[in-house]
Protein chains: 2
Amino acid sequence: MALASREVSPARFSAQIRSHALQTRIMELILEQGLDVGDALPTESDLSAELGVGRNTVRESLKVLQALGVIEIRHGFGMFVAPNNFSALVSGLTFRGRLSLRHKGEEAMELIDVRQALESGLIGSAIDLMTAEHLADLRTTMEAMEAAAAKGEPLAEHDAEFHRRLYAPLNNELLINLMDVFWQVYRQIHEALGSGPVNLEEQARVHWDIYDAVEKKDKALASERLQRHFDGIRLKLKDVASR
Amino acid sequence: MALASREVSPARFSAQIRSHALQTRIMELILEQGLDVGDALPTESDLSAELGVGRNTVRESLKVLQALGVIEIRHGFGMFVAPNNFSALVSGLTFRGRLSLRHKGEEAMELIDVRQALESGLIGSAIDLMTAEHLADLRTTMEAMEAAAAKGEPLAEHDAEFHRRLYAPLNNELLINLMDVFWQVYRQIHEALGSGPVNLEEQARVHWDIYDAVEKKDKALASERLQRHFDGIRLKLKDVASR
DNA sequence: TACAGGAGATGGGACGTCCAATGTCCAGAG
DNA sequence: CTCTGGACATTGGACGTCCCATCTCCTGTA
């Protein structure tokens, strides 16, 4: 990590800078005009005229903003300031992860590490803030997961829901979104590579263990069991990557 | 491959799905052809022909992939699989943060929460893995920060560098990138709102405190001081947002 | 050998044209 | 009067063409 300065030709990114500038101008325009989530943007033609660039160019920027979750584009209707949406990251990160799996799956593993750090780092606060209602929600999710496991259905959705609800007490939408992103990336990578044999009951049991620890408000135990959960995921990933 | 299911997509998001599909096709193409970081993609014209869509359309997708950090586009030369790059998230997150700051600054605060959770949750592992060399790097950064503070220069860069190096031992690039993103977003939001009076010496001192705890390998103390650091940031943000 | 500059390739961008999806609104049926 | 269906305007989606801007590489000259 000694290399502090990556060699960069000065003009090498001029084009990127220009197009990034256009995106920024559009965002500034939204902010300056006081538009809020759900409000409509000017039409493509208007923007094109207002910004003094061709419609194609403005469209490229708009597509980027859409991909970044800044705006929502609805064919035949208009463009609107988008509600919080991090699905953008999923594509990029998934690509990254899959690309890395060609080598040793390092990046995919890093992703799990970050997820683990976030979750086991925050479980304590989540337990502190957890109400009976939150706990009931969590239990409901677990029961659904168990039922799905018994029927041999995939647990993916229930798994995601469990983690979402586990941290709902923190009332931190950014966190939920981030964890969702990580989770989706993991799932997509796993899907793309074809999952090995999965033990649904085992999966459900691990989650029940976590739930029990949370119910008992035993932070240390919950944290440790989360760690175990992620260790399992890591192992699965390593197995897939080594093929 | 190219599935013939060109059936009607009556969904409200058919357009989004179509354009997302194109992006995915390009990424699949990269993965299938075994391209690695730095390798060149086909030219825009080739892609346009190969994918059976117009050049403008393919360009829109390519711009998105560029924004997502998947590819790097160099004017007059070609397009290449990009090295890890998270600058994309910065735009989206910054916009989000500024949008929310107009109201209550919730999301900016959430961002701090996530950062705090990540950092104070991972400081333990970082300390475990920290070598003498890492520590020396950290100290160098601190000395630079102190010098800057003495000269009345802004500490922003040194601050970022400190946090980067603090977690370098984990050898997790994704984590470093994420923290960088958060830091940049925070800084941009702060800039956009105009920062209040800052006490440079105080800022440097807080970081020295953290450094001392790390040097002593006192995980609990380091974690606590990190918490204090973020509490300070949170306070500053609240102050700015309330004006 | 070194440097300047041209050639060729490639992305950047602008229009213009037409297609497709969506919401609105009005006419006509009941 | 109410409801329904279709015409219509609006707006984004896509494509083709043309030309410009920029880069790398190679050639030729000093």
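Note that the structure is a prediction, hence the values are computed from the model and not measured. Sequence lines set the chain letters: A, B, ... in the order given, protein chains first and strands last, and positions in each chain run from 1.
- Rounding to whole angstrom units, CZ of residue A:Arg55 and C1' of D:dT11 are separated by 8 Å.
- Checking A:Gly54 against A:Gly76, the closest nucleotide of DNA chain C that is more toward the 5' end is the one next to A:Gly54.
- Contact check, A:Arg59 against C:dG13: no side-chain N or O comes under 4.0 Å of OP1 or OP2.
- Side-chain contact between B:Leu35 and B:Phe80 is absent, with no heavy atoms from C-beta onward closer than 4.5 Å.
- A straight line from CG of B:Leu47 to P of C:dT10 spans 12 Å, rounded to a whole angstrom.
- Aromatic ring centres of A:Tyr186 and A:His190 lie closer together than 6.0 Å.
- A sub-4.0 Å separation between OP1 or OP2 of D:dT11 and a side-chain N or O of A:Thr43 is absent.
- Using a cut-off of 4.0 Å between Lys/Arg side-chain N and Asp/Glu carboxylate O, A:Glu161 and A:Arg164 are scored as salt-bridged.
- For B:Leu51 and D:dC15, the CG to P distance is 10 Å, given to the nearest whole Å.
- Regarding A:Asp46, its CG atom lies at a distance of 7 Å from the P atom of D:dT11, rounded to whole Å.
- Residue B:Arg18 has no polar side-chain atom (N or O) positioned under 4.0 Å from OP1 or OP2 of C:dA20.
- The CG atom of B:Leu22 sits 11 Å away from the C1' atom of D:dA14 (whole-angstrom rounding).
- Put simply, CZ on A:Phe77 is 16 Å from C1' on C:dA20, counting in whole angstrom units.
- An aromatic stacking contact links B:His75 with the base of D:dA21, defined here by ring centres under 5.5 Å apart and ring planes under 30° from parallel.
- Summary of the strand contacts: A:Gln66 and A:Asn56 both lie near DNA chain D, and taking for each the nucleotide with the nearest heavy atom, the more 5' one is attributed to A:Gln66.
- Rounded to a whole Å, the CD atom of B:Glu72 is 12 Å from the P atom of C:dG12.
- Counting heavy atoms from C-beta on, the side chains of B:Glu60 and B:Ser19 never come closer than 4.5 Å.
- A straight line from CE of A:Met79 to P of D:dG13 spans 8 Å, rounded to a whole angstrom.
- Relative ring orientation between A:His207 and A:Phe162 is described as perpendicular, the plane-to-plane angle rising above 60° on a 0-90° scale split at 30° and 60°.
- Counting only heavy atoms from C-beta on, A:Lys63 has its side chain closest to D:dA14 among D:dG12, C:dG12, D:dA14.
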